[in-house]
Number of protein chains: 2
Amino acid sequence: MRTTIKDIAKYTGFSITTISLVLNGKAHKIPKATEEAILQAAKELNYRPNQLAVGLVKKQTKTLGLILSDIRNSFFANMAKSIEDECRRNGWNLILCNTNDLHEREMKYLQMLADKGVDGVLICMARENDSEKVEEMVALMDSLNIPFVLVDRFYPEVKGCSVIVDHDEGGYLAARHLLELGHTRIGCVGGPKDLADSNRRTQGYIRALMEKGVEFDPSLIFYGDYDLSSGVRGAEYLLKKDVTAIFAYNDMSAYGVFHYLKQQGISVPEDISLIGYDDIFFSEILSVPLTSIHQPVEEMGTEAVQQMIRIIRQKQKQDTKKNIMFQPYLVVRQSTAAPAGVMHK
Amino acid sequence: MRTTIKDIAKYTGFSITTISLVLNGKAHKIPKATEEAILQAAKELNYRPNQLAVGLVKKQTKTLGLILSDIRNSFFANMAKSIEDECRRNGWNLILCNTNDLHEREMKYLQMLADKGVDGVLICMARENDSEKVEEMVALMDSLNIPFVLVDRFYPEVKGCSVIVDHDEGGYLAARHLLELGHTRIGCVGGPKDLADSNRRTQGYIRALMEKGVEFDPSLIFYGDYDLSSGVRGAEYLLKKDVTAIFAYNDMSAYGVFHYLKQQGISVPEDISLIGYDDIFFSEILSVPLTSIHQPVEEMGTEAVQQMIRIIRQKQKQDTKKNIMFQPYLVVRQSTAAPAGVMHK
DNA sequence: CTGTTAGCGCATTCAT
DNA sequence: ATGAATGCGCTAACAG
């Protein structure tokens, strides 16, 4: 059996109270001798407080929950790593929850986490969520009285803390890069039609077009779902539209685009330029290293945990809305170039 | 505040015991009417047991720990996903711990997890561990009285449960494939020199050589560390040895090999054949899809959790040694072919 | 059939 | 300065 505080009491002859005071660094009025005897005994008996008991009385478990769709997704894995790192540095543990983008599972996990007394939850919300479902989640967390930080997704209607990337800027950077290379017919392989962070990329894209005086053609936006196959379908669709460049809203779908183009004997960037979004590790080592928009994932994870800690500390006003917005940046590699017949300025 | 069992007692007028019995499905001798009244009240008050309290008395937290080096590693991410999936199916939660391959961190996490009362720990041991450190860990887990399952690494000296892949077979399959294509000078980009699962691949490789009557040349084994750059270095080294094929002990280092070869103007598989190991997702979508040895990661994760559950159930004899060994298989893609000037049989 | 009682391991208030 | 008592929320042995 593990040694308990009681064992130390028996062993040293002091009362449980005294032991507890000493062990919690509150031994202001306790003789040095007593203190040292207790510390000594604790070490000898290899005492470690049972965190279940501590949590029960302190109402703090030093455990956070992380809810995301699928840890195999490289973006989430990076996020999880930096989140867990920051947790460790601050003495927290992390419970990992994969929802497979299922709203129902998010709700279940939320309940489980609350039952286990986690101090807070970091959430990368499921794609499936419409604003009704989001509100349902927020309502649940409120009723469960559990602090949360929204990561990577922003919902204007939710008050609370979110850590996000400025996707408008990301879309703008991607489009501007292509425009500056001389492209004017730029197709997009987007995310789901009503997904906010996908639409925000589109807005940035349009902003860049307008800045250069290029008219926006809505038919150049293909709505996909961020995965490889949607890139393939998107490329197939956009080829018929005579685009000279394709902006994929994440790297995975960019791979799909690339795959399809190659299969059609179309080369990147000679025939068509391709830019991705996320800048995940593999983009760097592809046969044609992918130009991409980099999201500062590590920093975001760290910041999310720090916000969480802040909220937990000042337990009161978690209803103040606070958005931490990170700026993406362009990483130029070899998948983008001037369109055929156009010299780079 | 959350409603407690006490609230239900007050609300219904029954005693706490009765409530507890009903809520735990032990209401064998309790009138249907009482039972339903209580169930009804529980629902109305939205009651959920505080798992901290339950854990404290039952000594079961329905939480497992997962210790691995880095979740960003695609192999571990896949493993973690299937482990967490199986946990969820069985009502368990998972605490994720990244050690960055640091033994010291493994030890710290082990302590934290024990303090939180996890029911068991799944461990992908750090590469850094020599047998002394492994024993130190096992000793700690024993003294902490915490069940464990070793995943992906096997230590003959450790009694307990492990879930592993037959890397001897994997090495054999890889080498045989290349031999059958007509290669005889096959270089290897291995893992660290004293890492068991790397050496086991080598043994399988040698076994295949012997079977075909090809002499083993130790200088054809390059010892790396499983990452991209070690693939680059390995390729550089092996090129001087006039190999016609390279067997990289994991896909990541295969990418490094590929990268270097391409840079040198050497094409795969025309000039040199390349085979990897792990068969991670990206290998399929590379410019030259990589032939690789597939490890059944999902099945392994699932099995690891099931073994864990089994051990937890029969709390007694966790000292019986048990190895679950999975068989890898060959996935032929386009990075392997007959050597120049040799026809495929 | 149901309530009383006694912990699980710890923190904390109130006496002494 | 230190100990006794109480409670966190729950389960379970034991009465009755």
Side-chain angles (χ1 to χ4, degrees), chain A residues 1-39 41-42 45-63 111-112 114-119 144-145, chain B residues 1-39 41-42 45-63 111-112 114-119 144-145:
Chain A
M1 279 304 296
R2 275 174 81 98
T3 56
T4 74
I5 209 171
K6 215 180 272 180
D7 296 325
I8 301 189
K10 229 173 277 171
Y11 187 81
T12 59
F14 294 105
S15 85
I16 290 185
T17 312
T18 311
I19 313 292
S20 177
L21 285 175
V22 170
L23 262 27
N24 289 301
K26 297 179 182 168
H28 307 302
K29 320 182 173 176
I30 290 178
K32 263 276 178 265
T34 305
E35 182 174 354
E36 292 191 348
I38 292 175
L39 255 22
L45 299 180
N46 194 22
Y47 170 77
R48 310 211 96 227
N50 177 327
Q51 293 306 132
L52 281 183
V54 174
L56 191 56
V57 49
K58 279 211 198 159
K59 273 124 180 45
Q60 254 240 30
T61 54
K62 283 289 193 172
T63 304
Q111 272 290 2
M112 292 185 73
D115 293 349
K116 297 212 168 159
V118 296
D119 300 328
L144 257 24
N145 199 28
Chain B
M1 279 304 294
R2 275 174 83 98
T3 55
T4 74
I5 209 172
K6 216 179 270 181
D7 297 325
I8 302 189
K10 228 172 278 170
Y11 187 81
T12 61
F14 294 104
S15 86
I16 290 185
T17 312
T18 310
I19 313 292
S20 177
L21 285 175
V22 170
L23 261 27
N24 289 302
K26 297 179 183 171
H28 306 301
K29 321 181 171 177
I30 290 178
K32 264 274 178 266
T34 304
E35 183 175 352
E36 293 191 348
I38 290 175
L39 255 23
L45 300 180
N46 194 22
Y47 171 77
R48 309 213 97 224
N50 177 327
Q51 293 305 134
L52 281 184
V54 174
L56 191 56
V57 48
K58 281 212 196 157
K59 273 124 182 45
Q60 254 242 28
T61 53
K62 284 289 193 172
T63 304
Q111 272 290 2
M112 291 184 74
D115 293 348
K116 297 211 168 160
V118 296
D119 301 328
L144 256 26
N145 200 26

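As the structure is a computational prediction, the values presented were derived from the model and not from experiment.
- A donor-acceptor pair under 3.5 Å is formed between the side chain of A:Arg2 and the backbone N or O of A:Arg48.
- Taken to the nearest 0.5 Å, the CG atom of B:Leu56 stands 12.0 Å off from the CD atom of B:Gln51.
- When all heavy atoms of B:Thr12 and B:Ala41 are compared, the pair lying nearest together is CG2-CB, 3.4 Å.
- With hydrogens and angles ignored, the 3.5 Å screen pairs no side-chain donor or acceptor of A:Lys26 with any backbone N or O of A:Ser20.
- The stretch residues 14-21 of chain B touches DNA chain C through B:Phe14, B:Ser15, B:Thr17, B:Thr18, each having a heavy atom under 4.0 angstrom from the strand.
- In this structure, the CG atom of B:Asp7 is 10 Å from the P atom of D:dC8, given to the nearest Å.
- B:Val57 comes within contact range of at least one nucleobase, with a heavy-atom separation under 4.0 Å.
- For the pair B:Lys62 NZ and D:dC10 C1', the interatomic distance rounds to 17 Å; values are reported in whole Å.
- Across all their heavy atoms, A:Thr4 and A:Tyr47 have their closest contact at C-CE1, 3.6 Å.
- When atom types are taken as modelled, the side chain of A:Asn24 and the backbone of A:Leu21 share no donor-acceptor pair closer than 3.5 angstrom.
- Across all their heavy atoms, B:Ile38 and B:Phe14 have their closest contact at CG1-CD1, 3.9 Å.
- Summarising the geometry, the separation between CG on A:Leu56 and P on D:dT11 is reported as 12 Å, rounded to the nearest angstrom.
- In this model, the phosphate group of D:dC8 is not approached by any side-chain N or O of B:Asn50 to a distance below 4.0 Å at OP1 or OP2.
- One interatomic measurement links the two molecules: CD of B:Gln60 to P of D:dA12, which rounds to 11 Å at whole-angstrom precision.
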For A:Thr63 and B:Lys116: C-alpha separation, side-chain torsions, deciding distance, then whether side chain to side chain donor-acceptor pair (under 3.5 Å) applies. CA-CA 9 Å; A:Thr63 304; B:Lys116 297 211 168 160; 2.9 Å; yes

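- Proximity of B:Lys6 to the phosphate of D:dG7: no side-chain N or O atom is located under 4.0 Å from OP1 or OP2.
- Going from atom NZ of A:Lys26 over to atom C1' of D:dT2 covers 16 Å, rounded to whole Å.
- In 5' to 3' order, the nucleotides of DNA chain C bounding all contacts with chain A (an atom under 4.0 Å from a heavy atom) are C:dC8 to C:dT13.
- Counting to the nearest Å, the C1' atom of D:dC8 and the CD atom of A:Gln51 are 15 Å from each other.
- Taking atom CD1 on B:Ile5 and atom C1' on D:dG7, their separation rounds to 16 Å, with Å as the unit.
- Side-chain atoms of A:Asp115 never come within 3.5 Å of backbone atoms of B:Asn50 as a donor-acceptor pair (strictly under, hydrogens ignored).
- If you take CG of B:Leu52 and C1' of D:dT11, they are 15 Å apart, rounded to a whole angstrom.
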